[in-house]
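Read through the structure below, which is laid out as structure tokens, and then see the notes.
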Amino acid sequence: MERDMENRLRQARPLFWRNPARRPVAACGEVLAAHAPGVAAARESFARFAPLLADYFPELAPCGGRIASHLLPIPGMADAFRDPEGNAAFAPESLFLKGDHDLPVAGSVKARGGVHAVLCVAERLALAHGLVSSPQDDYRRLADAKARAFFAGHRLSVGSTGNLGLSIGVMGRALGFGVDVHMSREAREWKKKRLRDVGARVVEHASDYSAACAVARAEAQGRADRHFIDDENSLDLFYGYAVAAGELATQLAAAGLSPSPERPVSLYLPCGVGGAPGGVALGARLLFGDAAVISFVEPVQAPCFLYGLASGRHEAASVAELGLTLATEADGLAVGRPSRFVGRLMEPLLDGCLTVDDALLLRHVAALYRAHGIEVEPSAAAGLAGMEVLCGDPDGWRFGRDRAATSGVQVAWATGGRLVPAAEHAGFRERAVALAAQKGAR
Ligand SMILES: *Cc1c(COP(=O)(O)O)cnc(C)c1O
């Protein structure tokens with residue numbers, strides 16, 4: 001990768017990186033065709049399980065067991081986005097938040113990928129052991145005592161910075177599985193408590209996310225009654241996330257917005273290992289083609305996806321080599337190495353990456369609350385913070401103009417917050433004020 005970019009990453013200051021390997025979708029037919037069936041299958045699997053999910057989670061009953069979020073207009077955020085000259089960057093009515101911060105069951109975007117991954121394990125076991133007779137069967141049979149007793153003989157395990165564990169734990173325990181969650185040092189105390197409350201075993205690690213995953217993987221190795229859900233390698237997770245793009249397409253159409261290359265939809269996706277944003281990006285490319293401009297957003301201390309992609313070394317590249325620490329308020333994004341396969345898959349599909357610092361994240365957490373009363377966790381404000389960086393950076397702004405992105409719809413993907421205790425939310429806002437004061441004093 002270019003020396004200059006490496007130096008800029010080392011400095012841990014917000015930046016925009018344009019992906020030089022991006023290809024028009026016309027040149028990506030093979031990749032897209034290879035993955036379209038997986039996305040369709042995930043959509044169908046959610047539909048098969050919907051009646052069972054509606055029985056297990058009262059919050060899902062009103063929508064028939066569908067795990068979905070709203071697309072929220074956020075015109076009140078327009079002031080935050082300025083071009084390099086200081087002019088308003090976007091029309092207020094072009095601004096939207098995809099409300100995955102408020103997803104039922106897991107309270108984060110992991111309610112898509114994580115829940116789908118658990119459903120895949122349950123379905124494979126159920127079909128193999130005759131708990132259901134076929135995919136056309138009524139999956140509510142999996143709530144029978146016999147099925148639950150069977151699942152109780154199996155354990156799911158996962159490595160997590162917090163939210164994935166929460167999703168696997170809540171979904172896995174609801175079906176009756178034993179669940180082991182290996183938490184990295186970033187994981188918040190309340191997430192561990194919540195997991196213990198639903199009967200999951202929480203293993204605390206003093207190490208980072210990749211190391212916690214490695215322990216979980218090793219523990220499950222070679223055992224038919226253990227199922228490791230591999231965030232760094234799992235297609236089940238990935239396709240679960242990808243389903244979200246279809247939901248977005250429906251919502252945009254309902255709002256009278258149909259993206260075109262002249263007026264594209266811009267997606268700003270918070271990125272950890274890359275599974276969630278990668279899945280959404282894949283889904284969006286399948287549905288919108290080149291009428292989507294897709295950027296991933298990472299903390300300045302954990303730009304693993306950008307580094308893996310720009311260096312071409314993917315999961316072999318660790319941000320530790322850049323002297324970065326993973327220290328960030330965005331615990332859901334505190335990852336030092338990207339997914340093994342998502343980086344390669346995204347190479348021709350992704351438009352760019354953005355990095356953001358904690359002050360920017362917290363400022364957007366606070367601004368979103370002030371403008372619209374919406375509470376998100378810092379990771380989930382990365383999309384909004386990334387939009388600010390894109391506009392203010394001369395290269396970013398030029399890129400946006402080139403792609404006509406600045407005249408289209410802007411969608412910041414909010415990824416978590418629903419389950420965060422009120423006192424934690426208040427703490428984020430207090431720290432935003434303190435950081436702003438510090439900056440003012442300098
Ligand atoms: C996990 C997570 C992400 C990113 O997902 P990855 O698959 O790790 O890239 C973003 N935001 C929140 C709140 C998350 O929990």
Side-chain angles (χ1 to χ4, degrees), residues 69 97-103 105-117 158-170 181 183-184 186-188 191 208-210 212-213 229-242 244 267-282 294-299 302-306 308-309 315 326 328-343 345-346 350 353 356 361 364-365 375-386 412-420 424-425 428:
S69 73
L97 191 75
K98 181 58 179 152
D100 278 7
H101 63 288
D102 200 28
L103 279 177
V105 180
S108 79
V109 69
K110 302 297 190 303
R112 299 184 186 277
V115 166
H116 182 249
V158 66
S160 175
T161 63
N163 284 341
L164 183 62
L166 212 50
S167 154
I168 304 294
V170 170
V181 179
M183 289 285 206
S184 70
E186 288 80 22
R188 298 289 194 263
K191 292 183 185 174
D208 75 3
Y209 164 79
S210 309
C213 271
I229 293 182
D230 192 343
D231 196 19
E232 295 174 312
N233 297 290
S234 162
L235 279 167
D236 291 343
L237 269 159
F238 185 69
Y239 291 142
Y241 293 123
L267 300 179
Y268 303 87
L269 307 172
C271 177
V273 288
V280 173
L282 171 75
I294 307 175
S295 307
F296 288 4
V297 190
E298 299 177 286
C304 66
F305 206 88
L306 195 176
L309 210 51
E315 80 284 354
L326 309 188
T328 172
E329 291 272 358
D331 47 325
L333 313 180
V335 175
R337 288 178 200 274
S339 153
R340 188 177 288 274
F341 76 93
V342 181
L345 184 56
M346 283 299 116
L350 183 67
C353 293
V356 296
L361 286 172
H364 280 275
V365 167
E375 291 187 310
V376 300
E377 60 184 274
S379 299
L384 292 166
W413 212 279
T415 48
R418 175 177 175 135
L419 300 182
V420 175
E424 297 261 337
H425 277 304
F428 299 146

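Predicted, not measured: the structure shown is a model, and the values here were computed from it. Order of appearance sets the numbers: ligands from 1, and atoms from 1 within every ligand.
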### Message
Working note: Ser69 + Asp102, criterion side chain to side chain donor-acceptor pair (under 3.5 Å); need CA distance, chi angles, decisive distance, verdict.
### Response
CA-CA 7 Å; Ser69 73; Asp102 200 28; over 6 Å; no
Give every pair made of an N or O atom of ligand 1 and a protein N or O atom lying under 3.5 Å apart, one pair per line with both atom names and the distance to 0.1 Å, or write 'none'.
{"unit_1": "ligand 1", "atom_1": "7 (O)", "unit_2": "Gly275", "atom_2": "N", "d": "3.1"}
{"unit_1": "ligand 1", "atom_1": "7 (O)", "unit_2": "Ala276", "atom_2": "N", "d": "2.8"}
{"unit_1": "ligand 1", "atom_1": "8 (O)", "unit_2": "Val273", "atom_2": "N", "d": "3.0"}
{"unit_1": "ligand 1", "atom_1": "9 (O)", "unit_2": "Gly272", "atom_2": "N", "d": "2.7"}
{"unit_1": "ligand 1", "atom_1": "9 (O)", "unit_2": "Val273", "atom_2": "N", "d": "3.2"}
{"unit_1": "ligand 1", "atom_1": "9 (O)", "unit_2": "Gly274", "atom_2": "N", "d": "2.7"}
{"unit_1": "ligand 1", "atom_1": "11 (N)", "unit_2": "Thr415", "atom_2": "OG1", "d": "2.7"}
{"unit_1": "ligand 1", "atom_1": "15 (O)", "unit_2": "Lys110", "atom_2": "NZ", "d": "2.7"}
{"unit_1": "ligand 1", "atom_1": "15 (O)", "unit_2": "Asn163", "atom_2": "ND2", "d": "2.7"}

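Taking the side chain to side chain contact (heavy atoms under 4.5 Å, CB included) definition, one finds that Val170 meets it with Phe57, Val105, sequence neighbours left out. With sequence neighbours left out, the salt bridge (charged side-chain N to carboxylate O under 4.0 Å, His left out) criterion links Lys191 to Asp331, Glu377. With sequence neighbours excluded, the residues that form a side chain to side chain contact (heavy atoms under 4.5 Å, CB included) with Ala212 are His182, Ser184, His205.
Summarising the geometry of Gly383 relative to Pro270, their closest heavy-atom pair is N-CG, 4.0 Å, with the distance given to 0.1 Å.
Aromatic ring centroids of Phe341 and Phe238 lie under 6.0 Å apart.
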